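Values in this document were obtained by computation on a predicted structure and should not be read as measured data. Indexing begins at 1, ligand by ligand and atom by atom, following the structure's order.
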Amino acid sequence: MKPLIGITSSIEKDESAHKVYDHNVRAIVQAGGVPVLLPNLSDEASIDKLVSQIDGLLGSGGYDIDPHYYHEEPHQKLGTVTPRRDEFEYALFKKALELNKPILGICRGMQMLNVAAGGSLYQDIYAQNHGELLKHSQDAPTYYGTHFINISENSLLQDIVKKNQIKVNSRHHQAVKDPADIFIVSGKASDGIIEAIESKEHSFVLGVQWHPENMLDVNDEPSELIFKAFIKACIK
Ligand code: MN
């Protein structure tokens, strides 16, 4: 039977609508899963119910996370914050980790995964790093890989993509600063920015800073392998 994959949804600042990019839906369908879109709820019983029903969780991209979730005051370069989404996802990811549900976190989804597990973020990589960084907010089509990442030896990510280096797209101004204790860093850009993390303690908990769902448009092999591996883990 096809696994049921919960996809987190964005909510605009005026809180008038939930939004999920179709690329996320198509990526799950293409890899053999049944996607279900998760609304940003707040009560614990509903969140428990949602997590218990899904076979896997896809944390989609979106706005910045309120830095109070990692015990920092807002930096002046912090972007848009959406409190209802933060509240929901913080509880959702915690519960999903507790129940050892397979998780694929994309961009904000990776960042929330890290924050929910006790890690921290750069609120703005350019303002909070010394030295010159790569261009992580690309001016190129969304499917187009613009910088390389180096993949850690003996990592889940290396096992999935069978490569030590891949080219990825890049649309972020934040990044993981301190990975939570459960994580190892499984991918880094040449400027040291963390581009992938994975859990040492769970069967399949992977966060990627780029957007593999967009790179499926050009049949990017590593992106296809990542979604296939995620869905496979959700079937077990
Ligand atoms: Mn990047």
Side-chain angles (χ1 to χ4, degrees), residues 8 10 21 23-24 27 58-65 67 70 75 77-81 89 103-117 119-153 155-158 160-180 183-199 205-227 229-230:
T8 60
S10 184
Y21 284 109
H23 274 98
N24 296 300
L58 177 66
S60 66
Y63 293 121
D64 292 359
I65 297 164
Y70 46 94
H75 187 276
K77 295 285 188 185
L78 178 70
T80 299
V81 164
E89 288 187 351
I103 304 174
L104 176 60
I106 292 177
C107 198
R108 173 199 160 94
M110 164 188 177
Q111 295 166 4
M112 182 50 93
L113 183 58
N114 185 46
V115 169
S120 67
L121 306 178
Y122 288 114
Q123 295 187 44
D124 183 87
I125 52 175
Y126 298 102
Q128 296 181 309
N129 269 283
H130 300 292
E132 215 163 85
L133 297 185
L134 300 178
K135 185 176 177 70
H136 289 278
S137 300
Q138 71 184 46
D139 287 316
T142 56
Y143 60 78
Y144 191 68
T146 57
H147 73 67
F148 286 103
I149 66 161
N150 296 307
I151 297 172
S152 308
E153 293 286 337
S155 62
L156 170 69
L157 183 59
Q158 191 194 46
I160 293 169
V161 303
K162 313 280 185 214
K163 283 182 175 159
N164 298 322
Q165 194 181 57
I166 59 173
K167 212 183 214 183
V168 300
N169 56 7
S170 196
R171 295 204 307 275
H172 59 111
H173 80 107
Q174 300 199 313
V176 167
K177 183 164 65 181
D178 299 310
F183 293 118
I184 59 157
V185 173
S186 43
K188 267 187 181 184
S190 61
D191 58 5
I193 293 293
I194 294 174
E195 292 271 346
I197 56 172
E198 59 191 54
S199 174
V205 172
L206 175 67
V208 298
Q209 185 53 68
W210 70 97
H211 289 271
E213 79 281 14
N214 294 139
M215 300 183 79
L216 293 176
D217 285 357
V218 287
N219 305 316
D220 176 65
E221 195 184 15
S223 301
E224 291 176 349
L225 290 170
I226 287 168
F227 281 106
F230 172 52

Checklist line | Heavy-atom neighbours of Q165 CD exceed 12 at 6.0 Å | finding: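 Result for CD/Q165: enclosed.
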Margin query: Please determine whether the number of non-hydrogen atoms from other residues, nucleotides or ligands lying under 6.0 Å from atom NZ of K77 exceeds 12.
Written below: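 Incorrect, the count does not exceed 12.
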Next item on the list: Scan residues 139-151 for pairs that pass salt bridge (charged side-chain N to carboxylate O under 4.0 Å, His left out), counting only residues two or more places apart or in two chains.
Entry: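 Output for this query lists K135-D139.
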Note to self: Quick test of your reading: applying salt bridge (charged side-chain N to carboxylate O under 4.0 Å, His left out), list the pairs with at least one residue in residues 105-116, sequence neighbours left out, ordered by first then second residue.
What the structure shows: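 Of all non-adjacent pairs touching residues 105-116, those that pass salt bridge (charged side-chain N to carboxylate O under 4.0 Å, His left out) are D86-R108, E89-R108.
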Margin query: H136: which residues meet the ring-ring contact (aromatic ring centres under 6.0 Å, His included) condition with it, sequence neighbours left out?
Written below: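 By the ring-ring contact (aromatic ring centres under 6.0 Å, His included) rule, H136 matches H147, H172.
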Next item on the list: Could you name all protein N, O or S atoms found under 2.8 Å from the Mn ion (ligand 1)?
Entry: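 N, O, S partners closer than 2.8 Å: H136 ND1, H147 NE2, S170 OG, H172 NE2, E195 OE2.
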Notebook entry, point to check: Just checking, any donor-acceptor pair under 3.5 angstrom between side chains of S186 and S152?
Noted result: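 Per modelled atom types, S186 and S152 side chains form no pair under 3.5 Å.
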